[in-house]
Amino acid sequence: MKEEYNYTLTVPITDIGEAQELLQLVEAKYPQVRISRKPDRRDAARFYLCFPFAGSRTDHGFTEWLGEEGKEGWDLFGPNYGVWGLS
């Protein structure tokens with residue numbers, strides 16, 4: 001099983017294009033991240049971002065970076081520790 005730290009990013013549906021552009025930057029800055037789309041809730045799009053634990057945390061600096069790059073009204077929840085997959 002693989003350890004990870006994960007986040008949920010929630011953005012208004014009207015900002016989805018900007019969010020997808022930002023998530024491409026996240027993938028470039030943090031190549032080990034896994035990003036998936038969660039079901040929309042009300043008028044919000046939700047994304048699930050997973051950073052693997054590889055002897056140390058690979059998400060260092062992510063929340064600060066997103067705080068600088070994101071928009072007002074975007075919500076980031078996490079980090080949450082989790083385990084996924086089979087060994």
Side-chain angles (χ1 to χ4, degrees):
M1 298 204 286
K2 298 182 180 182
E3 298 174 83
E4 66 184 14
Y5 285 86
N6 55 66
Y7 298 83
T8 298
L9 175 64
T10 304
V11 303
I13 290 286
T14 55
D15 291 345
I16 197 163
E18 293 173 77
Q20 289 174 327
E21 289 176 16
L22 183 96
L23 292 173
Q24 289 177 346
L25 293 174
V26 171
E27 289 176 320
K29 185 170 177 64
Y30 300 93
Q32 68 279 28
V33 70
R34 288 184 304 119
I35 299 174
S36 57
R37 182 85 184 264
K38 295 176 83 170
D40 293 350
R41 184 175 286 168
R42 297 183 190 93
D43 292 329
R46 300 183 313 147
F47 299 90
Y48 192 66
L49 295 86
C50 300
F51 294 85
F53 181 79
S56 65
R57 293 199 35 195
T58 59
D59 63 322
H60 284 297
F62 170 69
T63 55
E64 293 83 8
W65 179 84
L66 188 66
E68 295 170 3
E69 299 292 325
K71 287 183 63 175
E72 187 75 27
W74 290 15
D75 182 42
L76 182 67
F77 182 77
N80 297 306
Y81 173 79
V83 177
W84 68 278
L86 300 174
S87 50

*Asks:* Is there a chain of hydrophobic side chains (I, L, V, M, F, W, Y, each step under 4.5 Å between heavy atoms) that links Phe53 to Phe51?
*Replies:* no
*Asks:* State the CD-OG1 distance between Glu68 and Thr63, to the nearest 0.5 angstrom.
*Replies:* 10.0 Å
*Asks:* Within a radius of less than 6.0 Å around CZ of Phe77, do more than 12 heavy atoms belonging to other residues, nucleotides or ligands occur?
*Replies:* no
*Asks:* Closest heavy-atom contact between Phe47 and Ala19?
*Replies:* CE1-CB, 4.2 Å
*Asks:* Closest approach of Pro52 and Cys50, non-hydrogen atoms and distance?
*Replies:* CD-O, 3.9 Å
*Asks:* Taking the side chain as everything from C-beta on, heavy atoms only, tell me whether Leu66 gets closer than 4.5 Å to Leu9.
*Replies:* yes
*Asks:* State yes or no: do Leu76 and Tyr48 share one hydrophobic cluster built from I, L, V, M, F, W and Y residues joined by side-chain heavy-atom distances below 4.5 Å, directly or via other members?
*Replies:* no
*Asks:* What heavy-atom pair brings Ala45 and Asp40 nearest, and what distance separates the two atoms?
*Replies:* CA-OD1, 3.5 Å
*Asks:* Rounded to the nearest 0.5 Å, what's the gap from CG on Asn80 to OG1 on Thr8? Could you check?
*Replies:* 7.0 Å
*Asks:* Mind listing the closest non-hydrogen atom pair of Ile35 and Leu23 along with its distance?
*Replies:* CD1-O, 3.7 Å
*Asks:* Please name the pair of heavy atoms, one in Gly73 and one in Pro12, separated by the smallest distance, quoted to 0.1 Å.
*Replies:* O-CD, 4.1 Å
*Asks:* What heavy-atom pair brings Ala44 and Thr10 nearest, and what distance separates the two atoms?
*Replies:* CB-CG2, 3.5 Å
*Asks:* If Ile, Leu, Val, Met, Phe, Trp and Tyr residues are connected whenever their side-chain heavy atoms lie under 4.5 Å apart, and connections chain through other members, are Ile13 and Leu22 in the same group?
*Replies:* no
*Asks:* Check whether any side-chain heavy atom of Asp15 lies under 4.5 Å from a side-chain heavy atom of Lys71, and answer yes or no.
*Replies:* yes
*Asks:* Please check if any side-chain donor atom of Asp59 sits under 3.5 Å from a side-chain acceptor atom of Tyr7, or the reverse.
*Replies:* yes
*Asks:* Please round to the nearest 0.5 Å and tell me the distance separating atom CD of Gln32 and atom CD of Glu4.
*Replies:* 12.0 Å
*Asks:* Looking at Tyr5, I'd like to know if the NZ or CZ of Arg57 sits under 6.0 Å from its six-membered ring centre while staying within 45 degrees of the ring's axis.
*Replies:* yes
*Asks:* Between Val26 and Val33, is any pair of side-chain heavy atoms under 4.5 Å apart?
*Replies:* yes
*Asks:* Any link between Trp74 and Leu25 through a network of hydrophobic side chains (Ile, Leu, Val, Met, Phe, Trp, Tyr) touching at under 4.5 Å?
*Replies:* yes
*Asks:* Are the side chains of Pro39 and Arg46 in contact, using a 4.5 Å heavy-atom criterion?
*Replies:* yes
